[in-house]
Trainee: 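Below: one structure in structure tokens.
Note that ligands are numbered from 1 as they come in the structure, with each ligand's atoms numbered from 1 the same way. Because only heavy atoms are used, hydrogens play no part in the values below, and waters and symmetry mates are left out as well, while side chains stay in.
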Amino acid sequence: MKRLEGMNVLITGGSTGIGRATAIRFAEEGANVAINYHTSEEEAEITLSEAQKTCSLIREKGCQEMLVQGDVANEEDVMRIFREVLGAWKKLDVLVNNAGIQTASPTHEADVGTYDRVLAVNLRGAFLCSREAVRHFLDRGSGGIILNNTSVHETVPKPYYAAYAASKAGIGALGKTLALEYADKGIRVNTVAPGAIATPINREWLEDPERRAEVEGHIPIGRAGRAEEIAAVFAFLASDDAAYITGQTIYVDGGLTLCSDFRTPWSSGI
Ligand code: NAD
């Protein structure tokens, strides 16, 4: 049986990487998927064609798809995204807050504009989309599901990525707060925290064999994760199999958060 048959789902940043894999997985499970994509000038063509490819894969699975352009950091864009999706489909069942960006620099050299942009896309974007989804779920009166994509850096510090780590910790807190605030309204809110996943955001180390080996050497399971392995957990959390789960973060990280340096018992005297 298809677990997500007939559900309407909006995925932010759904044209590439984890968002794309999630869109395809949800369609495999019977959902209709609205793919939000954002294009800055330099990425416009690639993003649009990725979004269109994802749409045709969804259609092949017998589901409906929509493309909705918009910057999740921008309140007007988010309101329009929801108007477009609800105008076409009348109801939304699941929101996946997936869009995210990261930038690296020593924190004492970081500029405030970059810091603000990372927080705006990752955290304000998740807030704005969640708020619109909750408004719709309350109007409709039959609950709904919000899923967030954080990172192991929701809890693990990441030097040089202060804005990213702060944003992901913030989304974790946002998700738990909304889960508690709306549990009695049938709204479930859960979070997936991926480890190192082979997607465009990690292009730099994925394309450098030495750096990739170094990254993978820190992962107990011994390899980077696949976007499909994150999508599978999103699909579970959107399904009735997870009907009694809310306010949780599930780490999908090949054991990264087990602190692999402890594989050798350097502190235990044996
Ligand atoms: P990705 O770069 O392919 O995906 C990010 C997506 O967000 C892109 O489609 C991008 O166009 C979109 N986006 C960026 N700014 C946007 C905006 N303002 N409005 C709407 N969309 C916007 O990389 P990914 O790995 O698939 O990342 C997806 C999510 O997973 C991100 O939130 C990222 O932080 C998180 N994550 C990734 C990893 C990993 O190792 N790949 C690990 C932990 C968490």
Trainee: Near Asp71, which atoms of ligand 1 are under 4.0 Å from a heavy atom of that residue?
Mentor: 17 (C), 18 (N), 19 (N)
Trainee: From Tyr37 OH over to Asp71 CG, what is the distance, rounded to the nearest 0.5 angstrom?
Mentor: 12.5 Å
Trainee: How far is atom 12 (C) of ligand 1 from its nearest protein heavy atom, and which residue and atom name does that atom have?
Mentor: Gly13 CA, 3.7 Å
Trainee: List ligand 1 atoms under 4.0 Å from Arg117, heavy atoms only on the residue side.
Mentor: 18 (N)
Trainee: Starting from the C-alpha separation in whole Å, work towards a yes-or-no answer on side chain to side chain contact (heavy atoms under 4.5 Å, CB included) for Thr103 and Val118.
Mentor: CA-CA 8 Å; Thr103 57; Val118 172; 3.7 Å; yes
Trainee: Verify the contact flag for atom 42 (C) of ligand 1, where contact means a protein heavy atom under 4.0 Å away.
Mentor: yes
Trainee: Relative to the heavy atoms of Gly70, which atoms of ligand 1 are at a distance of less than 4.0 Å?
Mentor: 19 (N), 20 (C)
Trainee: Can you tell me how far the CG atom of Asn122 sits from the CZ atom of Phe127, to the nearest 0.5 Å?
Mentor: 15.5 Å
Trainee: Among all protein heavy atoms, pick out the one at the shortest distance from atom 37 (C) of ligand 1; state its residue, atom name and that distance to 0.1 Å.
Mentor: Ile18 CD1, 3.8 Å
Trainee: Report the nearest protein non-hydrogen atom to atom 34 (O) of ligand 1: residue, atom name, distance rounded to 0.1 Å.
Mentor: Tyr164 OH, 2.6 Å
Trainee: Decide whether an N or O pair under 3.5 Å exists between Ala196 and ligand 1.
Mentor: no
Trainee: Provide the number and element of each atom of ligand 1 under 4.0 Å from a heavy atom of Pro200.
Mentor: 3 (O)
Trainee: Which atoms from ligand 1 have a heavy atom of Asn36 less than 4.0 Å away?
Mentor: 20 (C), 21 (N)
Trainee: Gly100 heavy atoms, cut-off 4.0 Å: which ligand 1 atoms fall inside?
Mentor: 5 (C), 7 (O), 31 (C), 32 (O)
Trainee: What protein heavy atom lies closest to atom 27 (O) of ligand 1? Include the residue and the distance to one decimal.
Mentor: Ile201 CD1, 4.2 Å
Trainee: What are the atoms of ligand 1, with element, lying closer than 4.0 Å to any heavy atom of Gly195?
Mentor: 38 (C), 39 (C), 40 (O), 42 (C), 43 (C)
Trainee: Distance to 0.1 Å, residue and atom name: give those for the protein heavy atom nearest to atom 9 (O) of ligand 1.
Mentor: Thr16 OG1, 2.7 Å
Trainee: Assess the side chains of Asn32 and Asn8: does a donor N or O sit below 3.5 Å from an acceptor N or O?
Mentor: yes
Trainee: Side chain or backbone, does Gly14 bring an N or O within less than 3.5 Å of an N or O on ligand 1?
Mentor: no
Trainee: Near Asn202, which atoms of ligand 1 are under 4.0 Å from a heavy atom of that residue?
Mentor: 39 (C), 40 (O), 41 (N)
Trainee: Nearest to atom 32 (O) of ligand 1 by heavy atom, Asn98, Ile101, Ile230: which?
Mentor: Asn98
Trainee: What I want to know is whether Ser151 and ligand 1 share at least one N or O pair that is separated by under 3.5 angstrom.
Mentor: no
Trainee: Could a heavy atom of Val121 be found less than 4.0 Å from some atom of ligand 1?
Mentor: yes
Trainee: Could you identify the single nearest non-hydrogen protein atom to atom 30 (O) of ligand 1 and state the distance to 0.1 Å?
Mentor: Asn149 ND2, 2.8 Å
Trainee: Going by atom types only, do Trp89 and Gln64 share a side-chain donor-acceptor pair under 3.5 Å?
Mentor: yes
Trainee: Nearest 0.5 Å, please: how far is CG in Asp208 from CD in Glu214?
Mentor: 9.5 Å
Trainee: Report yes or no: does a heavy atom of Lys168 sit under 4.0 Å from some atom of ligand 1?
Mentor: yes
Trainee: Indicate yes or no: at least one non-hydrogen side-chain atom of Glu154 is less than 4.5 angstrom from one of Val192.
Mentor: no
Trainee: Grab the two heavy atoms, one from Gly14 and one from Thr54, that are nearest each other, plus how far apart they are.
Mentor: O-CG2, 4.3 Å
Trainee: Examine distances only and state if a side-chain atom of Asn97 and a backbone atom of Thr12 form a donor-acceptor pair shorter than 3.5 Å.
Mentor: no
Trainee: Check each of Val85, Asp77, Val72 against Asn36 using the side chain to side chain contact (heavy atoms under 4.5 Å, CB included) test, and report the only one that passes.
Mentor: Val72
Trainee: For atom 24 (P) of ligand 1, what's the nearest protein heavy atom and its distance?
Mentor: Thr199 OG1, 3.4 Å
Trainee: Quick one: look up the protein heavy atom nearest atom 44 (C) of ligand 1 and list residue, atom name and how far away it is.
Mentor: Thr150 O, 2.9 Å
Trainee: Can you check whether Ala243's main-chain N or O pairs, donor with acceptor, with Asp240's side chain at less than 3.5 Å?
Mentor: no
Trainee: Has the side chain of Arg188 got a donor or acceptor atom that lies under 3.5 Å from a matching backbone atom of Ala242?
Mentor: yes
Trainee: Could you check whether atom CZ of Arg203 has more than 12 heavy atoms from other residues, nucleotides or ligands sitting under 6.0 Å from it?
Mentor: no
Trainee: How far does CD1 of Ile58 sit from CE of Met66, to the nearest 0.5 angstrom?
Mentor: 11.5 Å
